[in-house]
Amino acid sequence: MSNGAFTKMPQASFPWDIPQTKPERPLSQAMERLYDQYLTPRPEDNDLFTSFKYTQLQGFDYNGGDGTVSRRDPSKIIRVNDLYYMWYTKRHTPIPPSGPEGCSDTVPSTDWDLADIWYATSADGFNWQEQNVAVSRPRKPGLGWRSVSTPDILVWQGRYYLYYQAFMEASGLKGDHCPVTMSSANSPQGPWTPCGKIVVENGEKGSWDQFSIHDPYLLVRNGQIHLYYKSAYGDRPEYLVGNGLAIADNPLGPFNKHPLNPILNSGHETTYFPFKQGVAAFAIRNGNENNTIQYAADGVNFSIASVTGLMPIAAGPYVADAFNSNEYGEGITWGISHFSDKTDPNTKHSFLGRFDCNLVPDSQVKRGIKPDMKETDIIHHPDVYFAQSLTAEQHLARAEKALTEPNLIHSSKTI
Ligand code: AAL
């Protein structure tokens, strides 16, 4: 076709090399969205797109993976005097979780039942040393007597604060119900003093967060403490999850819930970090927008910035500027997540592993960070797919259906 043929067309075709700005021509909805909704038309150029790499950690013992030891739900990671610190839920029980029907004073219902909060340190983020328990569950009827879990850290005016879930009954008996409490210390090594009260209350009766405040996650923005959290809501067998935000001027509260809550419509965990002038968030598992990374200039009104895959299932990133990023959030490049092997109910537990990613603003090259981990075409081993096998019932039902399905080709011939 000659160039002349093109000039006769009412509109030039969409260009060969993808334009960085929206071309002036009619666009399909998909191409409109590509320019209107995303930071850049190519994910490879998008500061808020990343793929993920994973590394097994050295330094943790799981009793041969027999399900009696579990480590999960790591906090964000902080660096103090050249050491990285993380806190996490640790369960060490005589037998693995037995469900709400099988649980007792010593037998856990879920993986995070009958747990305490422990901490570990590392010089390089790969080799970790488990240190000690940070917060033990108190005697009954103390707050969190049944289990304390899912911690996150705040450093505020030189003092350290751990926020965590405080269970007053075995998780699973009536859902996964709990509020959030807090312990504080002068050093990341403790000793930790429980504040002895609920710091983020469940919502009022009938509200989306009436039963649970999960995954507290702390940032400091504009001189105020921002606590993001998750709640599972709706009377459904499967979770409908949302994230909320509560803001305080003091670590003890009061934490005022944002009137626009929920502020994220998807995501089973909370992972937030200062990014440029705003806040970025992971929406991991559950919800229409799962597998996305989102951004809100005001930390409240989030939009999808990128769609990715194989996200860490419970990410606790190293956030260097979590508490002092008023100017320009520097993003994240690694963190710790838990991984759960639920295939054998007799050894059910979780373990900690490292993820690496590339979510730093355009200063990457200036800061000597190679613009890698921007691959969209991630090839998984076939085992990853076939691990998602049909259940025996699903297999049977589909096989039976196949025998009776209408033969469309045959019937169209006979019409
Ligand atoms: C996690 C978190 C919270 C829930 C449970 C333990 O992944 O969302 O901590 O309560 O599962």
Side-chain angles (χ1 to χ4, degrees), residues 69-76 86-93 96-97 99-100 103 108-118 134-135 137 143-153 162-182 198 200 202-203 208-218 227-234 236-244 262 264-272 281-287 290-291 311-317 335-342 348-353 355:
V69 177
S70 189
R71 293 183 185 82
R72 54 177 295 138
D73 290 307
S75 67
K76 80 169 79 63
M86 71 165 157
W87 291 262
Y88 47 87
T89 308
K90 182 179 178 187
R91 173 180 61 76
H92 191 174
T93 48
C103 72
S109 58
T110 58
D111 196 23
W112 55 97
D113 187 27
L114 294 176
D116 302 295
I117 292 165
W118 282 62
V135 180
R137 52 191 193 274
L143 191 56
W145 66 267
R146 178 69 200 189
S147 194
V148 288
S149 82
T150 324
D152 194 42
I153 185 80
L162 278 177
Y163 292 78
Y164 48 93
Q165 301 180 189
F167 286 91
M168 307 299 282
E169 63 177 18
S171 159
L173 286 180
K174 293 203 288 293
D176 193 23
H177 298 177
C178 62
V180 161
T181 186
M182 178 268 278
I198 293 172
V200 189
N202 294 354
W208 74 288
D209 58 354
Q210 65 176 332
F211 293 129
S212 55
I213 307 288
H214 288 165
D215 303 274
Y217 189 99
L218 287 302
L227 185 150
Y228 291 94
Y229 64 95
K230 172 207 99 190
S231 196
Y233 64 106
R236 308 270 154 74
E238 77 286 1
Y239 276 164
L240 197 56
V241 292
N243 282 196
L264 214 60
N265 64 31
S266 302
H268 191 98
E269 310 286 338
T270 49
T271 307
Y272 290 80
F282 284 4
I284 305 170
R285 298 155 56 211
N286 300 124
N290 82 82
N291 277 327
M311 298 181 90
I313 65 171
I336 302 293
S337 174
H338 75 237
F339 299 77
S340 299
D341 188 350
K342 299 180 181 166
K348 223 161 59 174
H349 71 287
S350 304
F351 60 94
L352 301 175
F355 68 89

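When a ligand or atom number is given, it counts from 1 through the structure's own listing order. Computation of the quantities below employed the complete heavy-atom set of this structure, encompassing side-chain atoms and omitting hydrogens, waters and symmetry-equivalent molecules. All values reported here derive from a predicted model rather than from experimental measurement.
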Quick one: does Met86's side chain get under 4.5 Å of Leu352's, heavy atoms only? yes

Would you please classify the geometry between the Phe351 ring and the Phe339 ring as parallel, tilted or perpendicular, with 30° and 60° separating the classes? parallel

To the nearest 0.5 angstrom, please state how far the SG atom of Cys103 sits from the CG atom of Leu114. 8.0 Å

Tell me, please, which residues at least two apart from Arg91 pass side-chain hydrogen bond (donor to acceptor under 3.5 Å, both in side chains). Thr93, Asp111

Between Trp208 and Tyr229, does a ring pair (Phe, Tyr, Trp, His ring centres under 6.0 Å) hold up when you go through it step by step? CA-CA 12 Å; Trp208 74 288; Tyr229 64 95; 5.7 Å; yes

Write out the protein residues near ligand 1, meaning a non-hydrogen atom under 4.0 Å from one of its atoms, in order of chain and number. Arg72, Asp73, Trp112, Thr150, Gln165, Asp176, His214, Asp215, Lys230, His268, Glu269

Derivation and outcome, side chain to side chain contact (heavy atoms under 4.5 Å, CB included), residues Glu169 and His177: CA-CA 8 Å; Glu169 63 177 18; His177 298 177; 4.3 Å; yes

